[in-house]
Amino acid sequence: MDRRRFLQTGALGAPAVLGVGVTTALERGADDDGLHTRARSGRGLGVQRIVWSGTGEGVALTFDDGPDPELTPRVLDALDRAGVRATFMVVGERAVATPDLVRRAVDAGHEIGNHTWSHRSLATLDPDAVRAELGRTADALERIVPDAPVRFFRPPRGILTGAATQAAAELGYDVLLWSCTRTHLDRPLEPGSVACLHDGTGRSELSRWPWRHGLRAKRRAEVADLPAVLARASRGGVRFVTASDAVR
């Protein structure tokens with residue numbers, strides 16, 4: 001894909017007016033092995049899925065809002081000690097600021113995904129700005145870890161707009177949401193669940209947003225608890241995997 005052209009006009013070469021081909025979500029049924037939307041082929045956009053949970057036996061372990069120079073190394077250490085591989089949904093401006101952490105995650109066998117450039121709410125942006133949020137991050141990850149495939153996009157806070165859905169399709173991404181958070185990990189989990197945890201705080205301008213200092217304290221507590229969470233899950237028979245391993 002010509003990413004410069006993508007940022008300027010979109011993959012179709014003009015302001016897009018065609019639908020991406022995403023259908024409404026299907027309820028889990030006896031013959032449905034995962035809760036996700038099934039997508040039809042859009043003209044020129046291929047096939048895209050919006051995924052809440054997978055079809056594999058493991059539980060997808062994902063981390064949002066990093067990389068963070070304080071929190072991400074601690075998460076990587078905990079995962080390494082537990083022998084767990086996870087998926088890191090990366091904020092582009094944070095990846096550019098700490099590229100070695102992205103490389104370390106990939107070198108350790110973890111998966112990376114696109115979590116926009118600046119972690120702004122996509123509901124507040126026009127389609128061109130949304131496209132830039134995804135495209136700039138795609139470019140950054142391609143430069144930092146050129147051999148690491150990126151399959152998934154996750155919108156900040158799970159707020160998915162039509163413009164974001166189309167931009168993700170133009171870049172060839174499936175949209176990865178989640179079915180459980182940290183508070184659910186102490187309970188039995190269904191195979192194929194997608195767990196959303198955090199290794200960062202998203203946007204980096206803490207001085208502009210005083211409430212984010214409280215968010216950092218919350219993230220520190222979540223990361224500090226991660227080794228115990230992984231140990232309890234292992235004792236309970238839960239096998240954590242990357243999103244691509246859980247979503248077939």
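Computed over heavy atoms, backbone and side chain alike; hydrogens, waters and symmetry mates excluded.
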Does any non-hydrogen side-chain atom of [Y] lie less than 4.5 Å from one of [X]?
X	Y	value
P156	R120	no
V130	D126	no
H119	R157	yes
R49	V247	yes
V51	L177	no
L171	F153	no
I112	T87	no
L197	E222	yes

Do [X] and [Y] belong to the same hydrophobic cluster, where Ile, Leu, Val, Met, Phe, Trp and Tyr are linked whenever their side-chain heavy atoms lie under 4.5 Å apart, directly or via other members?
X	Y	answer
V106	L101	no
L230	V223	yes
W117	V91	no
L71	V102	yes
V96	M89	no

Can you list everything that forms a salt bridge (charged side-chain N to carboxylate O under 4.0 Å, His left out) with [X]? Sequence neighbours excluded, please.
X	result
R103	D100
R104	D77
R151	D174

Over all atoms of both residues, closest heavy-atom pair of [X] and [Y]:
X	Y	value
A233	F240	CB-CE1, 3.4 Å
T98	P69	CG2-CD, 4.2 Å
S193	C180	CB-SG, 4.2 Å
A167	R131	CB-CA, 4.2 Å
P67	T72	CA-OG1, 3.3 Å
N114	A138	ND2-N, 3.6 Å

Practice prompt. Among R74, H198, R216, find the one that has a side-chain hydrogen bond (donor to acceptor under 3.5 Å, both in side chains) with D68.
Written response: R216
Who are the side-chain hydrogen bond (donor to acceptor under 3.5 Å, both in side chains) partners of [X], not counting sequence neighbours?
X	answer
T124	none
R182	D186, D225
T161	none
T137	none

Response to the item:
Besides I159, the hydrophobic cluster formed by Ile, Leu, Val, Met, Phe, Trp and Tyr side chains linked at under 4.5 Å, directly or via other members, contains none
Response to the item:
Under a side-chain separation threshold of 4.5 Å, the hydrophobic residues clustered together with V241 are none
Worksheet item: Between T165 and Q48, does a side-chain contact (heavy atoms from CB on, under 4.5 Å) hold up when you go through it step by step?
Response: CA-CA 9 Å; T165 304; Q48 180 193 38; 3.6 Å; yes
Worksheet entry | Under the ring pair (Phe, Tyr, Trp, His ring centres under 6.0 Å) test, residues paired with F88 that sit two or more places apart | F63, H110
Worksheet item: What's the verdict on side-chain contact (heavy atoms from CB on, under 4.5 Å) for D107 and V145, showing C-alpha distance, side-chain angles and the deciding distance?
Response: CA-CA 10 Å; D107 289 345; V145 281; over 6 Å; no
Worksheet item: Are any side-chain N or O atoms of R220 and backbone N or O atoms of E70, one a donor and one an acceptor, separated by less than 3.5 Å?
Response: no
Fill in: Pairs touching residues 233-242 that satisfy side-chain hydrogen bond (donor to acceptor under 3.5 Å, both in side chains), sequence neighbours left out
T242-D245
Worksheet item: Can you tell me how far CD of E133 sits from NE2 of H115, rounded to the nearest 0.5 angstrom?
Response: 10.5 Å
Worksheet entry | Passing candidate, side chain to side chain contact (heavy atoms under 4.5 Å, CB included) with P155, options L176, V175, T116, L134 | V175
Can [X] and [Y] be counted as having a side-chain donor-acceptor contact under 3.5 angstrom?
X	Y	answer
S244	E111	yes
R154	T62	yes
E190	S53	no

Discussion item. For residues 191-200, which residue pairs pass the salt bridge (Lys or Arg N to Asp or Glu O under 4.0 Å) check, not counting sequence neighbours?
Written reply: none
